Participant: 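Structure provided below as structure tokens; questions to follow.
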2 protein chains.
Amino acid sequence: MRLSCISIFGYTYAMNIENLLKKKHIKVTTARVTLLKLLEAASKPVCYEEIKGNIAMDKATFYRNMITFEEAGILNAFESNSKMRYFELERTPHAHFVCTVCHGVECIESIDIQLPGYEIGTIVIHGRCRSCVEARA
Amino acid sequence: MRLSCISIFGYTYAMNIENLLKKKHIKVTTARVTLLKLLEAASKPVCYEEIKGNIAMDKATFYRNMITFEEAGILNAFESNSKMRYFELERTPHAHFVCTVCHGVECIESIDIQLPGYEIGTIVIHGRCRSCVEARA
DNA sequence: GTCTTAAATGCGACTGAGTTGCATAAGTAT
DNA sequence: ATACTTATGCAACTCAGTCGCATTTAAGAC
Ligand SMILES: [Mn+2]
Ligand SMILES: [Mn+2]
Ligand SMILES: [Zn+2]
Ligand SMILES: [Zn+2]
């Protein structure tokens, strides 16, 4: 069941999803491999609604595995103002922008927030994205 | 029905809630006056759950008026990761911190985010607040 | 003040993303 | 292969927020 080389969480080369899961002591199942391949292929965070057409599992399985991955530090999650939860593979900390017009989600690497004494987890910025601002200019 | 002087949205002195609503062409009702007094007294954003014990109106009335106020630019709203919506009177733009441990909400004035081309609305930072970080230090 | 009209309210039913209980299926270890 | 443990599918459930509709209330005209 060798699948593809991924580069997440320090397992940078010659490491496949199966080994990643084994290293984390998480049972290797087809649902989990499917989900990790999908998250690997995505360039931005995804929510259940967006991908349910591409996966054959029940939504309970999807969400339970998202929780498992989150607890294992394999992925990060946040929720948009539309009450939907977005997931992406763990990588260097960064903010996310959620457009209130087109509902698109983008990763924002360019900002760096410091809050002495606090421990920052996720940062979500809502507003109008570049293309929606231009469209209405 | 003169109530109290508030200082929001440019109506800085000798302006009461009744006049604010009239200026915005919003009908003056007891529910709306109650809500604005309550929001004025609060030092941080509030959600329905927190204040339902202090107000005599139905939750539908609460939420419908929050939408009315939002559309009139009288207040700002955002939602925390616990899927609850928080409201506060409109004032100079600032971020909000939501603690993942104690679920407390704080206004953060000290950060200034720029994203050229984007139009920023609300910023929500999740993580562990100062006291929760200290408690586990 | 009374009348008229449009908008606000209360109530209960509804929505929908996410969760949970449980019987069954699929991994894993020996 | 067998035994044991964990994951999955399904259906039922949760619960913050929304909606439809009958009734009440505000605001403006007279
Ligand atoms: Mn991202
Ligand atoms: Mn604030
Ligand atoms: Zn957009
Ligand atoms: Zn805290």
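In what follows, chains carry the letters A, B, and so on, assigned in the order in which the sequence lines appear, proteins first and then strands, with residues in each chain numbered from 1. Quick caveat, the model's predicted, so the values are computed rather than measured.
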Participant: Let me know the distance between CZ of A:Phe87 and P of C:dG18, rounded to the nearest Å.
Facilitator: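 My rounded result for the distance is 7 Å.
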
Participant: Does B:Thr61 have a side-chain nitrogen or oxygen under 4.0 Å from the phosphate oxygens OP1 or OP2 of C:dA8?
Facilitator: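 For B:Thr61, the contact criterion (side-chain N or O under 4.0 Å from OP1 or OP2 of C:dA8) is not met.
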
Participant: Looking only at side-chain atoms of B:Ala31, point me to the closest of C:dT20, D:dT18, C:dT9.
Facilitator: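 Nearest nucleotide to the side chain: C:dT9.
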
Participant: When you check the gap from the basic side-chain N to the acidic O, do A:Arg130 and A:Glu134 get nearer than 4.0 Å?
Facilitator: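 Salt bridge flag = no for A:Glu134 with A:Arg130.
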
Participant: Go through C:dT9, C:dT19, C:dT28 for me and flag the one nearest to the A:Lys59 side chain.
Facilitator: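 Per side-chain heavy atoms of A:Lys59, the pick is C:dT19.
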
Participant: Under 4.0 Å between any heavy atoms, over every strand shown, what does B:Arg32 touch: base, sugar-phosphate, or nothing? Just pick one.
Facilitator: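 If one applies the 4.0 Å heavy-atom cut-off, B:Arg32 turns out to touch the sugar-phosphate alone, with no base involved.
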
Participant: Can you tell me the distance, in whole Å, between the CZ atom of A:Phe62 and the P atom of C:dT20?
Facilitator: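 Going from A:Phe62 (CZ) to C:dT20 (P), I get 16 Å.
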
Participant: Separation of B:His25 atom NE2 from D:dA27 atom P, in whole Å?
Facilitator: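 Distance check: B:His25 NE2 to D:dA27 P gives 13 Å.
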
Participant: Any idea which of C:dC11, D:dG9, D:dA27 is nearest the B:Val28 side chain?
Facilitator: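 Side chain of B:Val28 sits closest to D:dA27.
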
Participant: Can you tell which of D:dT8, D:dG9, C:dC11 lies closest to the side chain of B:Ala60?
Facilitator: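 Minimum distance to the B:Ala60 side chain belongs to C:dC11.
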
Participant: If you look at every strand shown and take non-hydrogen atoms under 4.0 Å, does A:Arg85 touch a base, only sugar-phosphate, or nothing?
Facilitator: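 Contact class for A:Arg85: sugar-phosphate only.
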
Participant: Taking only the side-chain heavy atoms of B:Thr29 (C-beta and beyond), determine which of C:dT9, C:dG12, D:dA11 contains the nearest atom.
Facilitator: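 Of the options given, the side chain of B:Thr29 lies nearest C:dT9.
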
Participant: Between C:dG18 and A:Arg64, counting only base atoms on the nucleotide and side-chain atoms on the residue, is there a donor-acceptor pair under 3.5 Å?
Facilitator: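 Result: no qualifying N/O pair found.
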
Participant: Distance check needed: D:dC15 P versus B:Met84 CE, whole Å only.
Facilitator: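 Rounded to whole Å, this separation is 12 Å.
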
Participant: Taking atom P of D:dC15 as reference, at what distance in whole Å does atom CD of B:Glu49 sit?
Facilitator: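 After rounding, the reported distance stands at 10 Å.
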
Participant: Would you mind classifying the nucleic acid contact of A:Lys27 as base, sugar-phosphate or nothing, using non-hydrogen atoms under 4.0 angstrom?
Facilitator: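 Answer is base: heavy atoms of A:Lys27 come under 4.0 Å of a base.
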
Participant: Give the rounded distance in Å between these two atoms: OH of B:Tyr63 and C1' of C:dC11.
Facilitator: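 From B:Tyr63 OH to C:dC11 C1': 16 Å.
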
Participant: Distance check needed: D:dT6 P versus A:Ile67 CD1, whole Å only.
Facilitator: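 Taking CD1 of A:Ile67 and P of D:dT6, I get 17 Å after rounding.
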
Participant: When you check the gap from the basic side-chain N to the acidic O, do B:Glu50 and B:Lys44 get nearer than 4.0 Å?
Facilitator: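 No, this pair does not count.
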
Participant: With nearest nucleotide decided by heavy atoms, which residue, B:Tyr48 or B:Ile26, maps closer to the 5′ end of DNA chain D?
Facilitator: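 The 5'-side residue here is B:Tyr48.
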
Participant: Counting only N and O atoms by type, is there a donor-acceptor contact under 3.5 Å from the side chain of A:Arg32 to the main-chain atoms of A:Lys27?
Facilitator: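 Yes: the side chain of A:Arg32 pairs with the backbone of A:Lys27.
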
Participant: Take atom CD1 of A:Ile55 and atom C1' of D:dG9, then tell me their distance rounded to the nearest Å.
Facilitator: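 So the two atoms are 13 Å apart, to the nearest Å.
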
Participant: Which nucleotide, D:dG17, C:dT9, C:dG27, lies nearest any side-chain atom of A:Lys83?
Facilitator: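 Ranking D:dG17, C:dT9, C:dG27 by closest atom to the A:Lys83 side chain puts D:dG17 first.
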
Participant: Tell me whether B:Asn16 contacts the main-chain N or O of B:Asn19 through its side chain, where contact means a donor paired with an acceptor under 3.5 Å.
Facilitator: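 Present.
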
Participant: Between A:Lys83 and A:Glu79, does any side-chain N to carboxylate O distance fall below 4.0 Å?
Facilitator: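 Judged by the 4.0 Å cut-off on N to carboxylate O distance, A:Lys83 and A:Glu79 do not form a salt bridge.
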
